[in-house]
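Please read the structure below before turning to the comments.
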Amino acid sequence: MENQVNKNCIIDIYWERIFLNITFKLYEEAQQIYLVSGKEQYCIPLEKTEIQYQYHAKINITNIDGKMLENQNYRFQIKKEEGYEDLTIDYALAYRLESLGKIYRYYRDIYAYTINFEVRKLENEQLGCVLISRYMKLNKNPRKHCFSNKSVKSILKDTTFNFMANTMKILYRFFSFLHPNKSKKILLMSETRAPMSGNLLALDQRLKERNIDKDYKISYSFSTTLQESKWHIISKWLKLIWIMSKQEFIFVDDYSPIFKYIDISPKTKLIQVWHAGVGFKSVGYARFGFGGPEPYQSSHRKYDYAIVGEEELIPVYEEVFGITKEKILPYGLARMDHFFDKEKIEKIKENLYEKFPNLKEKKVILFAPTFRGRRQAKAYYPYDKLDLSKIYEICKQKNAIFMIKMHPFIQERIEIPKEYAEYIQDFSAYTDINDLYYIADVLITDYSSSVYEYSKLKKPILLYTFDLDDYQLINRVHKNVREYEFATVCCTLEELLEQLEKLEMKAKETVQVENQKMASDLIIDNIILKGKE
């Protein structure tokens, strides 16, 4: 991806004891830059180097205008005629920012002054650098929150919520006491997806195929908790803990915050059938320190078992979930079980063609990107990055449907003009994306775990990553997209359209897959029925 060129930017940061050294590339004469946070503003003198456009600043962090920085987030700015402008950050440096933090301990190690750097999106959509200055005090009981730096309103709000959470914990224990016999009861639940889909749907179907539902009572709870207010969540949880207190097995498919606040009965096994097939995006404890879970109050640590796609992912999810590798079972993804069932594949295709007959005589370009935004409630996709008129012309030429399948978190749907409707169609409401893989001739995605499943089909994959460096730096990743060997990376719309133009889409063929034991059967035999048959 093209770097942020011809912009006043920071290109290097390094430390010498208490001296913070920063190198800038400025395309205009300057004698100082400014460290700004709200009303606070510090003038930092610059020295011009022998290299063209390059300036250097040496900052004594114990003596900036005779004092140290406060508990604030500071931006780097340059003064221009029209006002102040945020400095962008060089991509090469942005990838190193995480390692540049400093901790200065003092007064018998009871206190510490810390400086960290974080990549932030600026108003002009460029990347900027924020200096985070914080004073820390030793917390003698790290399992408890320290409220000393919060406002009274914030403390009251947190105290009330924690009181409700503790009440819920007590209620769960009481309900669990009322249900000592939890044998042969299974709960399938999600707090991020509704209705049931993916791995849980596949597991549920297999339980019924094997008639296990005749001996076991299967319950269901599916909602989008993370999109709701705290108080609405609490009211839902009070009902949910009654159901949970009865179960021998609870299966979840994503982050479920309710387990942060209750301690599951020893008679109940909590199993995470994680939805992602690849360890790409940093989640869970891989984000610790910049938005990840708390050290002791994490739902991830409560799992008795976590099911992952393959053995190579065990170290990744050992980091993500904060549990020992013995609890991480590489059984595969249950939703991929029918990848190994030739008859089921044909049946799925027949059903799709019957429901959508226009697909049968056309090639299919499946566009299934992940969402943007830091939280589920704020999830979106920048539809302006698609030129529907150009996509329409390519699809018309190739007699192909451009099938749009947005991430379930994204509520806003793309507007497709009527004149494009023959070749561009929105399938976001279709529940199971796996079904669409079988009729798709090419997958276009970006940072989605869908590449895992689709790569098994040996069909072309294009990654439309117009914000590649921005996304990887802000969201953090386990693996750089550029390292994927099974996909072509397109950083601009022009590159994507060019790849589509020259792509030869073969006639639809039945997927040929190897025969192996299904993930659902491994879960059922080794967890649910273990020692009972």
Side-chain angles (χ1 to χ4, degrees), residues 4 7-15 18-26 28 30-46 55-90 93-94 97-98 100-104 106 111-137 139 145-158 287 289-292 373-375 377-378 470 473-476:
Q4 302 180 111
K7 295 284 185 183
N8 295 319
C9 66
I10 305 168
I11 60 174
D12 194 19
I13 296 175
Y14 62 94
W15 288 94
I18 59 172
F19 294 97
L20 175 62
N21 292 271
I22 307 180
T23 305
F24 303 88
K25 183 172 280 189
L26 306 176
E28 51 203 271
Q31 295 182 331
Q32 65 274 320
I33 56 99
Y34 295 88
L35 204 55
V36 180
S37 177
K39 294 181 180 179
E40 285 189 22
Q41 185 181 91
Y42 297 94
C43 179
I44 309 297
L46 293 175
Y55 293 79
H56 182 260
K58 190 169 187 174
I59 306 170
N60 181 344
I61 55 99
T62 68
N63 185 11
I64 302 177
D65 288 349
K67 61 178 184 177
M68 295 178 68
L69 299 176
E70 299 294 334
N71 285 321
Q72 297 285 353
N73 295 351
Y74 295 90
R75 294 172 294 154
F76 295 91
Q77 295 185 335
I78 186 171
K79 190 174 183 180
K80 306 184 79 170
E81 290 184 6
E82 60 272 21
Y84 291 89
E85 176 187 279
D86 284 303
L87 297 174
T88 63
I89 184 169
D90 178 82
L93 173 60
L97 275 190
E98 188 178 347
L100 295 175
K102 274 287 211 179
I103 300 175
Y104 294 94
Y106 61 99
Y111 297 93
Y113 173 62
T114 69
I115 288 184
N116 296 95
F117 300 92
E118 188 172 298
V119 179
R120 295 279 179 89
K121 193 80 110 175
L122 303 175
E123 291 181 2
N124 60 5
E125 292 301 308
Q126 300 287 337
L127 293 186
C129 172
V130 173
L131 183 154
I132 302 171
S133 170
R134 294 291 186 270
Y135 291 85
M136 306 290 184
K137 183 179 179 181
N139 183 0
H145 290 292
C146 178
F147 295 118
S148 59
N149 292 323
K150 294 187 176 182
S151 66
V152 174
K153 182 179 179 181
S154 180
I155 292 173
L156 287 173
K157 188 176 179 181
D158 285 342
R287 294 184 62 81
F290 56 97
R374 298 296 286 267
R375 295 184 292 114
K378 300 291 185 180
D470 292 16
L473 286 163
I474 291 173
N475 293 280
R476 314 293 178 97

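Side chains are part of it too, since the values below use all heavy atoms of this structure and drop only hydrogens, waters and symmetry mates. All residue numbers in this chain count up from 1 along the given sequence.
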- Got a second to check how far Lys102's NZ is from Phe117's CZ, nearest 0.5 Å? 10.5 Å
- With sequence neighbours left out, which residue pairs that include part of residues 59-76 fulfil the salt bridge (charged side-chain N to carboxylate O under 4.0 Å, His left out) condition? Arg75-Asp86
- Task: Say whether, by atom type as modelled, one donor and one acceptor occur between the side chain of Asn71 and the main chain of Tyr135 under 3.5 angstrom.
- Result: yes
- Message: Taking CD in Glu81 as the centre, count heavy atoms belonging to other residues, nucleotides or ligands within less than 6.0 Å. Is the count above 12?
- Response: no
- Can we call the ring centroids of Phe24 and Tyr55 under 6.0 Å apart? no
- Given side-chain contact (heavy atoms from CB on, under 4.5 Å), test Asn8 with Leu26 step by step and report yes or no. CA-CA 5 Å; Asn8 295 319; Leu26 306 176; 3.8 Å; yes
- Message: Nearest 0.5 angstrom please: Lys121 NZ to Leu127 CG, how far?
- Response: 5.5 Å
- Note on the structure: On a heavy-atom basis, the closest approach of Gly101 and Asn116 is CA-ND2, 3.7 Å
- Message: So for atom CD, which belongs to Glu28, do other residues, nucleotides or ligands contribute more than 12 heavy atoms lying within a distance under 6.0 Å?
- Response: yes
- Message: Can you give me the closest heavy-atom contact between Tyr104 and Ile18, atom names plus distance?
- Response: OH-CA, 3.8 Å
- Determine whether more than 12 heavy atoms belonging to other residues, nucleotides or ligands lie under 6.0 Å from atom NZ of Lys58. yes
- Message: Within a 6.0 Å radius of atom NZ on Lys137, are there more than 12 heavy atoms belonging to other residues, nucleotides or ligands?
- Response: no
- Taking only residues two or more places apart in sequence or in another chain, which ones pass side-chain hydrogen bond (donor to acceptor under 3.5 Å, both in side chains) with Arg134? Asn73
- Message: Can you confirm whether more than 12 heavy atoms, excluding those of Gln32, are under 6.0 Å from its CD atom?
- Response: yes
- Query: Between Leu87 and Gln77, is a side-chain contact (heavy atoms from CB on, under 4.5 Å) present by the stated rule, with each step listed?
  - Reply: CA-CA 5 Å; Leu87 297 174; Gln77 295 185 335; 5.8 Å; no
- Item | Nearest heavy atoms of Ile22 and Ile10, plus distance in Å | CG2-CG2, 3.6 Å
- Message: Over 60° means perpendicular and under 30° means parallel, so tell me whether Tyr34 and Tyr84 are parallel, tilted or perpendicular.
- Response: perpendicular
- Inter-residue atom distance Ile115.CD1 - Tyr74.OH, 0.5 Å rounding: 9.5 Å
- Query: To the nearest 0.5 Å, what is the distance between CD (Glu85) and CG (Leu122)?
  - Reply: 9.5 Å
- If you measure from NE2 on His56 to OG1 on Thr23, what distance do you get to the nearest 0.5 Å? 5.0 Å
- What's the shortest heavy-atom distance between Phe76 and Cys129, and which atoms? CD1-O, 3.7 Å
- Can you name the nearest heavy-atom pair linking Ile44 to Ile59, along with the distance? CG2-CG1, 3.7 Å
- Taken to the nearest 0.5 Å, the spacing of Ile474 CD1 from Glu118 CD works out to 9.0 Å
- For the residue pair Met136 and Thr114, establish whether any side-chain heavy-atom pair is separated by less than 4.5 Å. yes
- Note on the structure: Of all heavy-atom pairs linking Asn60 and Ile64, the shortest is O-CG1, 3.3 Å
- Message: I'd like to check the ring-ring contact (aromatic ring centres under 6.0 Å, His included) partners of Phe19; sequence neighbours left out, ordered by chain and number.
- Response: none
- Task: Before giving the answer on side-chain contact (heavy atoms from CB on, under 4.5 Å), spell out for Ile89 and Leu97 the whole-Å C-alpha distance, their side-chain angles and the decisive distance to 0.1 Å.
- Result: CA-CA 10 Å; Ile89 184 169; Leu97 275 190; 3.6 Å; yes
- Given side-chain contact (heavy atoms from CB on, under 4.5 Å), test Leu69 with Leu35 step by step and report yes or no. CA-CA 10 Å; Leu69 299 176; Leu35 204 55; 4.0 Å; yes
